[in-house]
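See below for the structure under consideration.
Chain naming here is simple, since letters A, B, ... match the order of the sequence lines and numbering starts at 1 in each. This is a predicted model, so every value here is computed, not measured.
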Amino acid sequence: MLVKGQPQGINQYLMSEVRVRFAPSPTGSFHIGSARTALFNWLYARHTDGKFVLRIEDTDAARNTEEALEVLFKGMRWLGMDWDEGPEVDGGFGPYFQSQRGEIYKEYLGKLEAAGRTYEKEGAIFFKLEGERYTEFDEYHGKEMEKVRAEPVEIDDAIRGKVVRAETRDFVICRSDGSPTFHFVNVVDDITMKITHVIRGEDHLSNTSKHVELFNAFGVKPPQFAHLPLILKDPKMGKGKMSKRDKGSLIEEYEERHFLPAGVRNAIALLGWNPGDDREFMEIGEIIEAFDIKDIQKGAARFDEAKMAHINFQYLKQLPVESYAWFARPVLTEKGLISEDHNEDHLQRVLMICQEKITSLEALPEFCGYFFRDDYTIDPKAEKKVMKRGNAGELAAQVIASLESVSPDDWNVSGLEAAFTKLAADNGQEKPFMWWPMTRFAVSGVSGGPDFLPMLEVMGRDLVLGRLGKMID
RNA sequence: GUCCCGUUCGUCUAGCCAGGCCUAGGACACCGGGUUUUCAUCCCGGCGACAGGAGUUCAAAUCUCCUACGGGAUGCCA
């Protein structure tokens, strides 16, 4: 029981080890909202040196499959959220699948029965509230219903403060087919797994009065609750909270689009939380250190993919080229631009000049394809621009003549620069820039790209000369 | 219908608990300029908000109340 006058907050729970849980129901996809809930629990566990428990809420057998479970595990691992207890990691409070905890639920149901807090109706077992009973017409259900004037329960929420709410109807804790319901198993598991902090979505806040009723009936002090603001969908997509069907709502999608897990994780951490200063791009250690429940937002947030892309780019930019190549290689093989065993040194030299120019790995194949293959696409706009000068062939011939004089040993930025400078001087030009756009187009098919001279160096003598030759035709 | 939660730039948010330092700060997006005779990087600038009303106070984004709007719950889904 809470003591009157005692300051509300998390302090009173700091005496014992923090135990939090993420309790998903495997549905076959890993939603941003779920990931955020998981992440906040994980961050809090890491911040407090507590335990992060993964519990699988698979009571609805029809909906749960092996594949669905795999999607969940994969998403968790991809985001780097390891669990201290849960499937494959026994912590002494298992099993961690609700479908395997039948005996425990039976035992706890027995406790409620012994206390006279249950009754059966139409084959289902109801939890019996305490209070005066009366009948009332219910607008929502459109019929007369039995209601209870139960004492309001007080929910101590670390984000919202004290929330008072009264239940008015008995609720089912065991279905007529014998299976226990969410509210019941959730509370029993939190008790038996010694969960100290329940961090979950705000959609559960109204349900929490049911849970507190159950905790009270078991004679157990409820855990510290923290109800996270919901993530709403983009108003252009409709109203309400973001759902699996909304575009951009699934973690899998960002994995497929080659976002960096650290970037996605950083962006998700900022959904309803911030460190209290202007930091946004943060290493995971920094986030763990700064993370605290009290800094979590009350109001709902809208997920903004552009912001996530921006944070992702911050990570991409600061990656050493070796790491960048490690992430980029599968992106390029996937598109058939390079083979599995493509020379690492060449790959890195290409990426070195592309990395600073490009904001996402997703855009990489289109940006650098011409380094690896001859069947690159020609941008009609760039072509038009070059061709309208009318002397493209002539310019190409001059460049070829000039670059042919550069020996393979001198084929580098300074050697190329010297050749172009000479070319300019020989033609009474101060700078060689009039030959550049044509040359760039001839070797890449586009008008933009990496810095010009480094690009030629990396492409190599044969490729550049060969493509310029084709330009004349 | 009832109950619960919420509301600061288009978006994410700082500030609110401990009222003055707020002509409300940052970031994303957008717009303009510059750099780069390429460019998606980078730099500079601009745009732009305390939901409305009443009250308390010398003073309110900050405290109180009301209204509006948004969200959630009200399932033998989780």
Nearest whole Å is fine: how far is [N] [atom2] from [X] [atom1]?
X: A:Lys298; N: B:G15; atom1: NZ; atom2: P; answer: 11 Å
X: A:Leu205; N: B:G72; atom1: CG; atom2: P; answer: 13 Å
X: A:Lys210; N: B:C3; atom1: NZ; atom2: C1'; answer: 11 Å
X: A:Asp203; N: B:A78; atom1: CG; atom2: P; answer: 14 Å

Fill in: A:Arg133 atom CZ, neighbour heavy-atom count above 12 within 6.0 Å
yes
Worksheet entry | A:Glu136, CD atom: more than 12 neighbouring heavy atoms under 6.0 Å |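 More than 12 within 6.0 Å, yes.
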Restricting to side chain to side chain donor-acceptor pair (under 3.5 Å), what partner residues turn up for [X], sequence neighbours left out?
X: A:Lys307; result: A:Glu280
X: A:Asp451; result: A:Lys357
X: A:Trp435; result: A:Gln398
X: A:Tyr315; result: A:Asn266

What's the closest nucleotide to the side chain of [X] if the choices are [options]?
X: A:Leu230; options: B:C5, B:C28, B:G71; result: B:G71
X: A:Asp278; options: B:A73, B:G26, B:A78; result: B:G26
X: A:Val172; options: B:G1, B:C4, B:C76; result: B:C76

Review item, nucleotides 32-34 of chain B N/O atoms under 3.5 Å of protein N/O:
none

Worksheet item: Counting distance only, does the side-chain N/O of A:Asp157 pair as donor-acceptor with the main-chain N or O of A:His227 below 3.5 Å?
Response: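 At least one qualifying donor-acceptor pair exists.
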Discussion item. Checking the side chain of A:Asp295 only, and the main-chain atoms of A:Pro275 only, is there a donor and an acceptor separated by less than 3.5 Å?
Written reply: no
Salt bridge present between [X] and [Y] (N-O < 4.0 angstrom):
X: A:Arg169; Y: A:Glu146; answer: no
X: A:Glu305; Y: A:Arg257; answer: yes
X: A:Glu130; Y: A:Lys128; answer: no
X: A:Glu202; Y: A:Arg160; answer: yes

Base, sugar-phosphate alone, or nothing: which one does [X] contact when heavy atoms must sit under 4.0 Å apart?
X: A:Arg440; value: base
X: A:Phe452; value: nothing
X: A:Val446; value: nothing

Pairing partner (Watson-Crick or G-U wobble, both distances under 3.5 angstrom) of [N]:
N: B:G75; result: none
N: B:C39; result: none
N: B:G6; result: B:C69

Item to complete: Please list, chain by chain and in numerical order, all residues satisfying side chain to side chain contact (heavy atoms under 4.5 Å, CB included) with A:Gln100, sequence neighbours excluded.
Response: A:Pro95, A:Phe97
Worksheet item: With sequence neighbours left out, what residues match A:Arg165 under side chain to side chain contact (heavy atoms under 4.5 Å, CB included)?
Response: A:Glu167, A:Ser206, A:Ser209
Worksheet item: Residues from residues 130-137 of chain A sitting under 4.0 Å of RNA chain B, heavy atoms only?
Response: none
Fill in: Nucleic acid contacts of residues 119-127 of chain A, taken as heavy-atom distances under 4.0 Å to RNA chain B
A:Lys121, A:Glu122, A:Ala124
Response to the item:
Residue pairs passing the ring-ring contact (aromatic ring centres under 6.0 Å, His included) test with at least one member in residues 127-156 of chain A, sequence neighbours excluded, are A:Phe127-A:Phe171
Under 3.5 Å, N/O pairs linking protein and nucleotides 48-53 of chain B:
none

Practice prompt. Summarise protein proximity over nucleotides 39-45 of chain B in one line of letters, 5' to 3': B for base, S for sugar-phosphate only, - for none, counting protein heavy atoms closer than 4.0 Å.
Written response: BBSS---
Fill in: Residues A:Asp292 and A:Tyr44: side-chain donor-acceptor under 3.5 angstrom
no
Discussion item. Whether A:His141 contacts B:G1 is assessed here as follows: a side-chain N or O lying under 4.0 Å from the phosphate OP1 or OP2. Is that the case?
Written reply: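 A:His141 to B:G1 OP1/OP2: no side-chain N or O under 4.0 Å.
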Worksheet entry | Gap in Å between the two C1' atoms, one belonging to B:A54 and one to B:C28, rounded |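 B:A54 and B:C28 have their C1' atoms separated by 37 Å.
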